[in-house]
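A short write-up of the structure that comes next.
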Amino acid sequence: MPYKWENCNRKKVILKSFLQAVILVAVVWGFFALLGYERGLQWHSVRKGLEGIVLLAVTAGLCGQSLDKKIWWPALPSAILYLTVYPVIIILGRKGWMTDFDFGAPYFMLAVAVSCLVVLLVYLGQYFGKLAFLPKIAALLVSVNAFFNAAAYLIYFSVYKTAFVAADMLPILQTNPGEAKEFMTGQIGTPVIAAGILAVILFSLFEIWLISQAARSLDGIILGKKRAFAAVILAFACLYLIGYWGSRSYPIHEYKMAQNYVRVVQKAERDHSQIVKNIRLVNGKENALPQKLPGTVLFIIGESENRDHMSAFNPSYPAETTPWLSQMAKDEYFTLLANGYSNYPQTTPSLSMALTSVNQYNHKKLDDSYNIVDIAKAAGYDTWWLSNQSKMGDGTTAAGLIASWTDHHMWTDHPMGDDMEVMKLLEQVPKEGNHFIIIHLGGSHLRYKERIPQDFEGIHIAGNPDRTNEYDSTVLYTDKVLQAIFDYAEKNLNLQAAIYSSDHGEDMVYSHGAGKFTFDMVRIPVFFYLSSKYIDRYPQMVNTIRNHQQRTFTNDLLFDSVSGIIHAESDQYEIEFDISKSNYSLNRNIALTKHGIIKISNDLPTH
């Protein structure tokens with residue numbers, strides 16, 4: 001006999017559905033815990049579970065159908081996809097690093113909201129009579145959309161072995177169908193795409209069957225206006241939740257990041273083009289380095305490298321982590337600064353000063369400042385940005401913006417993978433001409449194991465935690481990468497000068513960041529290389545840098561120091577911050593870090 005709402009005990013349905021929802025949420029929480037998600041029992045996590053329970057119970061009560069009824073069948077595929085594909089891939093992509101429950105929470109809430117919306121749409125079909133197919137089609141589209149997104153996410157992971165990177169939304173935003181097609185066929189492959197399309201078709205047919213079964217289970221139910229109106233209101237509530245949590249999850253979150261990146265870059269390019277019109281080299285372009293000593297200048301940016309873990313800077317370290325640099329340190333062409341510090345323990349804030357005329361001591365505004373690429377261009381260099389880091393960073397990164405202003409900017413095929421891949425980019429630089437090349441390495445970024453090839457023989461110091469040994473192995477590998485870069489540039493690019501500085505350091509317990517500050521996060525390697533030709537032409541400058549070898553230096557002064565080294569002092573150049581000049585005035589008592597909050601003088605010697 002057909003199930004009639006009038007004959008059902010509404011309270012029993014709600015109570016039964018509430019208990020079912022509690023069990024379901026408990027299972028999901030247990031599954032997330034087994035995967036490795038942490039802080040699932042803290043209030044902000046539990047609250048989301050309670051919200052899910054209430055929404056499921058209210059939907060079931062309104063429809064008069066507990067969670068074990070056929071009306072819920074069409075919702076199952078979407079729910080399973082949201083609760084498995086995304087949470088599992090996120091964990092696999094983070095490869096053992098602490099993963100907060102907040103990473104998986106949006107997908108739990110989407111699983112609940114989408115499930116309830118599908119059920120409500122099927123239920124509303126009873127009210128529309130001959131037009132019942134309209135809400136059913138809507139339910140089908142919601143489910144197919146969930147499947148399509150999950151399939152795309154899964155395919156991306158199968159290709160790149162990582163969760164989706166927002167930078168890969170850029171081909172879509174560039175509104176170039178040809179480029180988007182090229183990206184998909186080239187990076188994913190036509191067979192995989194064809195299989196994906198077939199999977200979508202098969203899923204759609206399966207979902208149509210589930211919806212038909214659910215609708216048949218409702219035969220005989222009479223849906224009045226009041227209950228239909230309540231179902232519509234609840235459906236809109238589900239849509240709101242889908243919009244809210246969808247904006248915090250794939251693919252909308254990544255799309256918005258990419259969109260914001262494009263918008264910021266376009267605005268910055270417009271504004272900055274006006275600023276650089278006024279750039280002036282105080283000694284004239286004719287006296288800049290490329291006019292006097294043609295060739296290449298390298299500016300290499302390391303990542304998360306702590307000089308205390310580098311034997312070239314810390315000879316007492318219990319392992320030889322920098323065999324090449326330790327040898328080069330004995331060479332007259334290299335000068336290693338003993339007391340280099342980052343201006344901030346995070347990449348974006350650090351590079352926003354390291355690459356521009358803004359520093360912790362002059363209080364300039366970033367919007368009105370020149371960057372080192374502007375200066376190199378004004379000096380007459382062909383400028384290059386070669387990177388093994390994300391093309392976008394956080395969507396507003398200074399590094400990404402400055403990269404866009406170089407004459408040539410290229411990224412490795414798999415950013416944050418093997419740093420040796422930058423050699424393929426470096427080999428594309430013409431061997432003739434004046435080149436100013438910025439190389440951005442992945443270096444010792446978090447998830448240290450991923451920074452080195454699997455067959456690389458790393459560091460194994462007895463008694464050190466695995467985390468420290470893995471970190472030291474990245475330092476050793478970076479040394480090998482630097483050697484390859486220098487050897488190639490010397491032999492092929494007429495290398496005249498090179499500067500190396502890490503963006504920030506690394507703490508073996510707290511990594512890096514603004515929250516729990518330690519000086520390990522800002523103790524960085526800084527060194528300069530000047531060729532024999534450079535030394536012959538500018539002997540006094542070389543002697544000055546050497547005389548300053550023990551002085552305190554913060555990497556927000558790189559703009560002035562590099563400007564001095566390439567003899568391209570601009571109207572925003574400040575000689576007292578140029579370590580290549582005898583006027584260099586920064587001392588330990590006034591040196592700062594964390595953008596002026598912490599005094600370097602508070603750092604105690606470590607070796």
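These numbers come from a predicted model, not from an experiment.
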May I ask you to say whether [X] pairs ionically with [Y], meaning some side-chain N is under 4.0 Å from a carboxylate O?
X      : Y      : result
Glu470 : Arg467 : no
Glu427 : Lys424 : no
Asp418 : Arg451 : no
Arg523 : Asp308 : yes

[X]: what forms a side-chain hydrogen bond (donor to acceptor under 3.5 Å, both in side chains) with it, not counting sequence neighbours?
X      : value
Asp419 : Asn388
Thr478 : none
Tyr381 : none
Asn547 : none

Minimum heavy-atom distance between [X] and [Y], given as atom pair plus value:
X      : Y      : value
Phe577 : Ser561 : O-OG, 3.4 Å
Phe519 : Thr593 : CE2-CG2, 4.4 Å
Tyr573 : Ser563 : CD1-CB, 4.0 Å
Gly443 : Thr474 : O-CB, 3.9 Å
Gln389 : Trp411 : O-CD1, 3.0 Å
Leu558 : Ala354 : CB-O, 3.6 Å

side-chain hydrogen bond (donor to acceptor under 3.5 Å, both in side chains) between Gln496 and Ser531, intermediate numbers included: CA-CA 5 Å; Gln496 299 296 352; Ser531 71; 2.7 Å; yes
May I ask you to test the [X]-[Y] pair for a side-chain heavy-atom distance under 4.5 Å?
X      : Y      : answer
Met541 : Ile535 : no
Ile565 : Phe528 : yes
Leu355 : Phe299 : yes

Whether [X] side chain and [Y] backbone form a donor-acceptor pair below 3.5 Å:
X      : Y      : result
Tyr361 : Leu592 : yes
Ser311 : Thr321 : yes
Asn362 : Asn359 : yes
Asn343 : Ser350 : yes
Ser326 : Pro323 : no
Asn314 : Met310 : no
Asp556 : Gln360 : yes
Asp560 : Leu557 : no
Gln572 : Tyr370 : yes
Thr322 : Ala312 : yes

Candidate pair Lys480 and Tyr477, rule side-chain contact (heavy atoms from CB on, under 4.5 Å), full reasoning: CA-CA 5 Å; Lys480 183 177 180 180; Tyr477 192 66; 4.2 Å; yes
Name each donor-acceptor pair under 3.5 Å that joins a side chain in residues 285-296 to protein atoms two or more places apart or in another chain, with its distance.
from, atom 1, to, atom 2, distance (Å)
Asn287, ND2, Asn283, O, 2.7
Gln291, NE2, Ala379, O, 2.7
Thr296, OG1, Leu493, O, 2.7

N/O donor to acceptor pairs below 3.5 angstrom from side-chain atoms of residues 499-509, sequence neighbours left out:
from, atom 1, to, atom 2, distance (Å)
Tyr500, OH, Glu305, OE1, 2.3
Ser502, OG, Ser304, N, 3.3
Ser502, OG, Glu305, N, 3.0
Ser502, OG, His504, O, 2.8
Asp503, OD1, Ser304, N, 3.0
Asp503, OD2, Thr347, OG1, 2.7
His504, NE2, Glu303, OE2, 3.3
His504, NE2, Thr347, OG1, 3.2
Glu506, OE1, His512, ND1, 2.7
Glu506, OE2, Tyr448, OH, 2.6
Asp507, OD1, Val509, N, 2.7
Asp507, OD1, Tyr510, N, 2.8
Asp507, OD2, Thr518, OG1, 2.8

Partners meeting ring-ring contact (aromatic ring centres under 6.0 Å, His included) with Tyr317 (sequence neighbours left out):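 Tyr317 satisfies ring-ring contact (aromatic ring centres under 6.0 Å, His included) with His309 once adjacent residues are dropped.
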Only pairs at least two apart or in different chains count here, so list each salt bridge (charged side-chain N to carboxylate O under 4.0 Å, His left out) that has a residue in [range].
range            : value
residues 532-543 : none
residues 540-554 : none
residues 577-586 : Glu569-Lys581, Asp578-Lys581

Stepwise side-chain contact (heavy atoms from CB on, under 4.5 Å) check, His548 with Phe553: CA-CA 9 Å; His548 291 156; Phe553 181 85; over 6 Å; no
Tyr529 and Phe486 aromatic ring geometry - parallel, tilted or perpendicular at 30°/60° bounds: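 It falls in the perpendicular class, over 60°.
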Whether over 12 other heavy atoms sit under 6.0 Å from Lys364 NZ: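 Enclosed: over 12 neighbouring heavy atoms sit under 6.0 Å from NZ of Lys364.
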side-chain contact (heavy atoms from CB on, under 4.5 Å) between Asn587 and Thr552, intermediate numbers included: CA-CA 6 Å; Asn587 60 58; Thr552 298; over 6 Å; no
Straight-line distance of Leu425 CG to Ser387 OG, nearest 0.5 Å: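 Going from the CG atom of Leu425 to the OG atom of Ser387 covers 8.5 Å.
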Asn469/Asp472 under side-chain hydrogen bond (donor to acceptor under 3.5 Å, both in side chains): CA gap, chis, key distance, verdict: CA-CA 5 Å; Asn469 283 329; Asp472 288 345; over 6 Å; no
Ring centres under 6.0 angstrom apart (Trp405, His272):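 Yes, the ring of Trp405 comes within the 6.0 Å limit of the ring of His272, centre to centre.
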Using distance only, find each side-chain donor-acceptor pair of residues 456-466 under 3.5 Å and give its atom names and separation, not counting sequence neighbours.
none

Any residue meeting salt bridge (Lys or Arg N to Asp or Glu O under 4.0 Å) with Asp407, in chain and number order, not counting sequence neighbours: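 If we apply the salt bridge (Lys or Arg N to Asp or Glu O under 4.0 Å) test to Asp407, skipping adjacent residues, the hits are Lys377.
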Ring-face cation of Arg307 near Tyr341 (centre distance under 6.0 Å, axis angle within 45°):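 Judged by the rule, Arg307 and Tyr341 form a cation-pi pair.
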Phe527/Leu337 under side-chain contact (heavy atoms from CB on, under 4.5 Å): CA gap, chis, key distance, verdict: CA-CA 6 Å; Phe527 69 79; Leu337 301 188; over 6 Å; no
